Amino acid sequence: QVHLVESGGGLVQPGGSLRLSCAAVGRSFTINTMGWYRQAPGKRRELVANIRSDGITNYADSMKGRFTISRDNAKNTADLQMNSLKPEDTAVYFCNADGYYRGYGSRNFDSWGQGTQVTVSS
């Protein structure tokens, strides 16, 4: 199994910044797409941003221009830089990675982290 380890969550004031990090841990795997999702209380989990192995990114409209996703393919890590944070950004943020196991043909995986809390409040 590929396990995702998240870090960087916390409490920040409106207008502040946070940087979330995600590291994929496992053996003999290749990640296709890595991304971040979030879920606020009473709301459905939604895509924040993701990034393909070729560097192509996809952002939700509300995050575009404020958040930036990046990855290091060699280290199997992905970061989410969050700027100009708003109270409505408060949520649990989950890392996601999909890919395949090398040496196992077409066997794929779709892994999720445990989530890290981001709270934006005065």
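Owing to the predicted nature of the structure, the values given are computational and were not obtained by experimental measurement. These numbers come from the heavy atoms of this one structure, side chains and all, not from hydrogens, waters or symmetry mates.
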* Asked: Taking C-beta and beyond as the side chain, do Val48 and Phe67 meet within less than 4.5 Å on heavy atoms?
  -> yes
* Asked: To the nearest 0.5 Å, what is the distance between OG1 (Thr57) and CZ (Arg52)?
  -> 10.0 Å
* So, do Tyr93 and Met82 sit near enough that their side-chain heavy atoms are less than 4.5 Å apart? -> yes
* To do: Check whether any side-chain N or O of Ser111 sits under 3.5 Å from a backbone N or O of Val2 as a donor-acceptor pair, and report yes or no.
  => yes
* Asked: Under 6.0 Å from the six-membered ring centre of Phe94 and within 45° of its axis: does the NZ or CZ of Arg45 meet both?
  -> yes
* Transitive ILVMFWY side-chain link Trp112 to Tyr100, under 4.5 Å -> no
* Nearest heavy atoms of Arg66 and Ser84, plus distance in Å -> NH1-O, 3.0 Å
* **Side-chain donor/acceptor of Gln39 to backbone N/O of Arg44, under 3.5 Å** => no
* Could you state the interatomic distance from CZ (Phe109) to CZ (Phe29), rounded to the nearest 0.5 Å? -> 6.0 Å
* To do: Quick one: pull up OG in Ser121 and CG in Leu85 and give me the separation to the nearest 0.5 Å.
  => 12.0 Å
Compile the donor-acceptor pairs under 3.5 Å between side chains in residues 12-27 and protein atoms, sequence neighbours left out, one pair per line.
unit_1 : atom_1 : unit_2 : atom_2 : d
Ser17  : OG     : Asn83  : OD1    : 2.8
Arg19  : NE     : Asp79  : OD2    : 3.2
Arg19  : NH1    : Gln81  : OE1    : 2.9
Arg19  : NH2    : Asp79  : OD2    : 3.2
Ser21  : OG     : Asp79  : OD1    : 3.1

* Is any side-chain heavy atom of Ile31 less than 4.5 Å from a side-chain heavy atom of Asp98? -> no
* Atom CG of Asn58 and atom CG of Asn50: how far apart are they, to the nearest 0.5 Å? -> 5.0 Å
* Asked: Does a side chain donor of either Ser28 or Arg102 reach within less than 3.5 Å of an acceptor in the other side chain?
  -> no
* To do: For Gln117 and Val92, work out which heavy atoms get closest and say how close.
  => OE1-CG2, 3.3 Å
* **Nearest-0.5 Å distance that lies between atom CD1 in Ile51 and atom CD1 in Ile56** => 8.5 Å
* To do: Go through the side-chain N and O atoms of Arg71 and Asn73 and say whether any donor and acceptor fall under 3.5 Å apart.
  => yes
* What is the distance from atom CZ of Arg38 to atom CG of Asp89, rounded to the nearest 0.5 Å? -> 4.5 Å
* Determine, stepwise, if the pair Asp61 / Lys64 fulfils salt bridge (charged side-chain N to carboxylate O under 4.0 Å, His left out). => CA-CA 5 Å; Asp61 288 341; Lys64 199 171 300 180; 3.4 Å; yes
* For Tyr59, enumerate each residue passing the ring-ring contact (aromatic ring centres under 6.0 Å, His included) test, keeping only those at least two apart in sequence or located in another chain. => none
* **Heavy-atom check, side chain of Asn96 versus side chain of Trp36, under 4.5 Å** => no
* To do: Quick one: which residue pairs count as a salt bridge (Lys or Arg N to Asp or Glu O under 4.0 Å) with a foot in residues 108-118, not counting sequence neighbours?
  => none
